[in-house]
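To keep things clear, I will list the structure first and then write my remarks on it.
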Amino acid sequence: MSVRDETRRVAIERLPALPRALFLLHNFYDVDAEAMAEMLVVDRAGIFACLAEARALIYLHQCHASAARFDSTNEGVLIVPLEQRLRREYRAKLETAFAECGYAGAVAWPHPSTDIAVDEEAAAAFVLSFLADDLCKAVASYHGQIGRETTAP
């Protein structure tokens with residue numbers, strides 16, 4: 001892999017979850033914007049905005065050390081509501097799956113949620129709270145933590 005390809009790969013990995021997923025589907029799996037809009041039940045303009053943001057961020061990551069997302073009041077106005085809706089649906093599906101598996105209770109979702117990794121950590125902490133102490137210690141040890149301590153805000 002060339003240095004340029006590696007730089008592009010890293011830039012794609014750094015994209016926010018929704019623009020990254022749509023960019024990969026469109027550019028590597030030939031899924032057209034209309035099909036994505038239909039599947040997500042959203043206007044095509046929202047898909048095009050996500051694709052434009054992804055391309056801009058990839059370009060900026062390749063040319064500069066960092067890049068900022070589209071402004072939510074201007075170019076990103078169509079992206080924010082779509083991301084929020086998909087995040088709510090993702091969280092609801094996780095909670096339904098947890099309940100179906102016998103994990104009763106509510107996940108302590110972070111507010112505001114800015115990254116899918118943060119939501120994944122909250123979901124993992126929820127499941128971890130149901131495990132026996134020995135398993136919790138093993139998981140904590142694996143992650144380099146001690147015990148089941150949580151940090152208070």
Side-chain angles (χ1 to χ4, degrees), residues 6 8-29 31 33 35-43 45-58 60-61 64-153:
E6 178 63 16
R8 186 174 298 128
R9 184 191 65 75
V10 169
I12 292 170
E13 284 180 359
R14 290 182 179 173
L15 290 173
L18 180 61
R20 180 179 60 239
L22 296 179
F23 178 83
L24 291 172
L25 286 170
H26 184 68
N27 290 288
F28 293 96
Y29 296 97
V31 178
M36 289 186 281
E38 185 176 312
M39 178 186 276
L40 295 172
V41 190
V42 66
D43 190 304
I47 301 298
F48 289 130
C50 285
L51 292 172
E53 180 182 48
R55 290 184 189 108
L57 290 171
I58 290 168
L60 290 171
H61 279 298
H64 309 287
S66 64
R69 293 198 67 185
F70 281 2
D71 180 4
S72 64
T73 59
N74 291 321
E75 305 93 348
V77 71
L78 297 172
I79 299 170
V80 172
L82 178 58
E83 283 183 328
Q84 289 172 344
R85 189 193 91 212
L86 292 174
R87 183 66 49 87
R88 283 190 308 272
E89 290 174 5
Y90 170 74
R91 288 175 170 185
K93 286 181 181 181
L94 275 180
E95 288 181 342
T96 299
F98 289 152
E100 289 172 355
C101 292
Y103 297 111
V107 178
W109 299 112
H111 297 285
S113 177
T114 57
D115 189 346
I116 192 72
V118 176
D119 279 1
E120 290 171 349
E121 287 292 324
F126 175 74
V127 172
L128 187 61
S129 71
F130 288 92
L131 299 179
D133 285 338
D134 290 341
L135 287 173
C136 290
K137 289 177 185 173
V139 171
S141 173
Y142 177 77
H143 288 287
Q145 302 169 356
I146 299 175
R148 289 176 63 172
E149 300 173 6
T150 59
T151 57

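Side-chain atoms are counted along with the backbone in the values below, which use heavy atoms only and exclude waters and symmetry mates. For clarity, every value in this text was computed on a predicted model and none was experimentally measured.
Note that CD1 of I47 and CG of L25 are 9.5 Å apart. Values are rounded to the nearest 0.5 Å. To the nearest 0.5 angstrom, L86 atom CG is 9.0 Å from K93 atom NZ. Atom CZ of residue R14 and atom CD1 of residue I12 lie 12.0 Å apart, to the nearest 0.5 angstrom. Atom CG of L15 and atom CG of L24 lie 8.0 Å apart (nearest 0.5 Å).
Listed by chain and residue number, E6, E13 satisfy the side-chain hydrogen bond (donor to acceptor under 3.5 Å, both in side chains) test with R9 (two or more places apart in sequence, or in another chain). Under the ring pair (Phe, Tyr, Trp, His ring centres under 6.0 Å) criterion, F126 pairs with F98, F130, not counting sequence neighbours. By the side-chain hydrogen bond (donor to acceptor under 3.5 Å, both in side chains) test, E100 pairs with no residue at all, sequence neighbours left out.
Between M36 and L51, the shortest heavy-atom distance links the atoms CE-CD1, 4.4 Å. Shortest non-hydrogen contact noted between A49 and I79 is O-CD1, 3.5 Å. Residue A108 comes nearest to A122 through the heavy atom pair O-CB, 3.6 Å, listed as atom of the first residue, atom of the second, then distance. Scanning both residues, R91 and P110, for their nearest heavy atoms gives NH2-O, 3.1 Å. Of all non-hydrogen atoms in P19 and E83, the two that sit nearest each other are CD-OE2, 3.6 Å.
Two residues are said to be in side-chain contact when any heavy atoms from C-beta on lie closer than 4.5 Å; R85 and L40 meet this criterion. Inter-residue side-chain proximity for Y90 and E120 is flagged as met; some heavy-atom pair is nearer than 4.5 Å. Looking only at side-chain heavy atoms (C-beta outward), V107 and E95 come within less than 4.5 Å of each other. Using a 4.5 Å heavy-atom threshold, the side chains of L57 and E53 count as touching.
In E89, the CD atom is crowded: over 12 heavy atoms of neighbouring residues, nucleotides or ligands sit closer than 6.0 Å.
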